[in-house]
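Worth knowing before you read on, the calculation uses all heavy atoms, side chains too, and leaves out hydrogens, waters and symmetry mates. Each chain gets a letter, A, B and so on, in the order the sequences are listed, and its residues count up from 1. Here the structure is a predicted model, which means the values were calculated and not measured.
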2 protein chains.
Amino acid sequence: MQPTSPLPPLRLSAPGPSGRVDAAVTLSTVARLVASGAAVSKADLVAAAGLARTTVSTAVDELLARGVLRPDGARPTTGRGRPADRLAMSGRGGHVLLADVGARGAHLAVVDLSQRVLAHEHIDVDVQDGPDAVLDAIEVGLIALRGRAAHTGDPAVRAVVIGLPGPVDGNLGIPVRPPIMPGWHAYPVSARLQRTFDCPAVLENDVNLRALGEARALPADQAPLLFVKVGTGIGGGLVSREGVLHHGADGAAGDIGHVRVRGGPDVACACGNVGCIEAVASARAIARRLTIPPHGGGRPTINDLRALISRGDPEALGVVREAAGLIGELVATLVHFYNPARVTLGGSLTAASDELLAGVRSVVYQRALPLATRNLVLTNSVLGEYAGLAGAAVLGIERVLSPPGMDALTAPRP
Amino acid sequence: MQPTSPLPPLRLSAPGPSGRVDAAVTLSTVARLVASGAAVSKADLVAAAGLARTTVSTAVDELLARGVLRPDGARPTTGRGRPADRLAMSGRGGHVLLADVGARGAHLAVVDLSQRVLAHEHIDVDVQDGPDAVLDAIEVGLIALRGRAAHTGDPAVRAVVIGLPGPVDGNLGIPVRPPIMPGWHAYPVSARLQRTFDCPAVLENDVNLRALGEARALPADQAPLLFVKVGTGIGGGLVSREGVLHHGADGAAGDIGHVRVRGGPDVACACGNVGCIEAVASARAIARRLTIPPHGGGRPTINDLRALISRGDPEALGVVREAAGLIGELVATLVHFYNPARVTLGGSLTAASDELLAGVRSVVYQRALPLATRNLVLTNSVLGEYAGLAGAAVLGIERVLSPPGMDALTAPRP
DNA sequence: TATTTTTCCGTCGATATCGGACCGTGATGC
DNA sequence: GCATCACGGTCCGATATCGACGGAAAAATA
């Protein structure tokens, strides 16, 4: 047989970053290990980073000189041998501002590079008011928070992270046709925050932030992780096995609110289609289906629904169970497809009761094949309403301690 | 407000591989660029690898000395300046054996490190006969193929890659409870092949191989890619934006044959559940639903179905259209969720006609949001029945040219 | 108390890579 | 013939990392 060649040229991937490893990468690695609490001494760093003692030593010296790290006086003995010289983030490394914006409110926070929350608060904003009003309020809130946090010296703001409830283009730093955020399309969110605070700004989808926060608060073997938020809308976030967010081709990955599910009624959805899961199983959709008139009259709200659930109202529990079944069908499909190590449910409906979790579990474990569910952990969010801030903190601190970001830390303020 | 701290410790990821870049990584990078055809001269390598000229020069010298690369006599001028000294894989680098096993047959091939197919054939095997019989036949076939291919000298076999139609654990090299492969569970496939051919063996799922083959035959910007195979069964494969296969937590990712779809009948499936898409929309399921008695009597087979389709039989086209609608619903869901740059359909049903593609497209573009479909390319497989071999070639060549694999190339056979 | 063990950490020379400088080579165009 | 362009070889200084050695601090042991 003469070589007929049925194959076209195939791309081969590189085995990894080749070329010289920049010293900045080593610095970043060491700084992140200290910032994440994974290492508090040089010996820890050697083990965690897989670097030689000398390399770690050089990097730590450099970071001490730059004021990123500081020696931590405490030297608790471990029982045997010379106790380690403990290291910590210096506190002079600067602050990171966080804003996790939901449909009706925003969590704001100031954290330092060692993940300490220096101040946080919740403010009332409505994304329907448009980007100018909302970002005004957020900027004012963050500046105030920072004022309260910066009692020791005046550490600079090194990064701002904002999460918005809609699709975003993280590279351009703009929302992309967000359904529930009129007027936000292509508004230069990142550019504005970058100008205001004179530092890098990171824009991310709110559910992605929660997914990332959950994933990084859990052991690394709990990835890949799928986060499903059931609140006013329904959304998803994916964290890969390596612990990084999956954005897809257009940054639209995880946008599962408008998939159609088996057995759902053909309710019209705001997106123009019918039968979207968001239109039949979101908290808003469930509240609408209640026949019980709410306390104050008018249409039942999500808060009414939560009140009824916590009181154990049979009709409310019934509709939630029904919605849970529909969501469970979807989750079962996604578990088959993506085979995550963990599925985490979040959002207002999960906080109210365990009905949703129970319903989803029931369907998933019945429908999905054992191979995909054998090791699957399916739980409610462990961070609750703070999952978004946690994800934002991860993105912000990693941004500051990334190789290019480290350069800004060369000359710390006096 | 005093620092209440609602956040638990969060893991920060490393910025990248730190530590010393091994010389073997540089060698691997250079070798892969030549093997993939991305670079044919040192100047190309400098641009493609991002390495210094001196580093590339050193690496190429080393690879020439080891006999991995050879100078290619041809020096076609580009019109201006000195023409490059062209490089090519030496041919003494060894061979890679490939086996893409389907339910009823296997494609076998021998390729060299420059992706040339030296010999290939299709053999009839039935995985139902169990691993011993099937692997016997494959080994015999591969040895025969290799005999025909090895007319020039006697290049060693450097790797064997096998794809099987079921879930596998690539690390352990064993199938994991494959539904259509009785007797294969936990059979040490990789270990056996490794012993037979005295070289590394790679085991992968067959649909994953096709997905990888498609992805690597297309430009890099066509990732992430979702491959959907519709044949005897229904399966999926995911390639990430970086061009690597997504396996999920248990290696079960892409196993979408047993998800339930909207509007499908409650047909019993071999997996024990009802309404699985594989039970209602696979080629086998469609053939069963034909009322036309087949040529030779008995139950209609997949081949009967394909014959009817190519003849334009209205009933056959009708059931295919119907199945395409169900598959389209699923693909629409997955497109929302994963947001791939490309969806590729493969398998026997797509090869027969364009009905399936048309039906899937129709539903996906109607159901999925524009944000996720705006840039989506949804086509039939470009490699057809050879997609699996292409993916296997990628895995095999990358294995041979990986840093540990390079060591075996130090002392080429005389 | 003196010694050993254990663990942590700093210093030094060795190694490998990087990137720039300089120059030679082989083609084209004037 | 000469200039130009692009490819490529060689040398060298800079630098990141490593391994080996030895010192320092605490606990265990004699």
*Quick check: are there more than 12 heavy atoms from other residues, nucleotides or ligands sitting under 6.0 Å from CG of Asp221(A)?*
yes
*Does the side chain of Leu401(A) come within less than 4.5 Å of Met89(A)'s, by heavy atoms?*
yes
*Asp85(B) CG to dT25(C) P: how many Å, rounded?*
13 Å
*Can you check the Arg86(A) CZ to dA25(D) P distance for me, whole Å?*
19 Å
*Send over the distance from Leu27(A) CG to dT15(D) P, rounded to a whole Å.*
14 Å
*Could you tell me whether the side chain of Arg241(A) and the main chain of Gly248(B) form a donor-acceptor pair under 3.5 Å?*
yes
*Among dT17(D), dG9(D), dC7(D), which is the nearest nucleotide to the side chain of Ser57(B)?*
dG9(D)
*asked:* Output the rounded distance in Å from CZ (Arg53(B)) to P (dC7(D)).
replied: 10 Å
*asked:* Strictly distance-based, threshold 3.5 Å: is any side-chain N or O of Gln115(B) a donor or acceptor partner for the main-chain N or O of Leu10(A)?
replied: yes
*dA16(D) P sits how many Å from Leu63(A) CG, rounded?*
13 Å
*Which listed nucleotide (dG19(D), dT10(D), dC9(C)) is nearest to the side chain of Thr54(A)?*
dG19(D)
*Side-chain donor or acceptor of Glu214(B) paired with backbone N/O of Val382(B) under 3.5 Å*: yes
*Roughly, in whole Å, what's the span from CD in Glu62(A) to C1' in dG10(C)?*
17 Å
*asked:* Can you measure Asp72(A) atom CG to dC9(C) atom P for me and round it to whole angstrom units?
replied: 13 Å
_I need the Thr54(B) OG1 to Lys42(B) NZ distance, nearest 0.5 Å._
11.5 Å
*Return the residues of residues 35-47 of chain B meeting this criterion: a heavy atom under 4.0 Å from some atom of DNA chain D. Order them by number, or give none.*
Ser41(B), Lys42(B), Ala43(B)
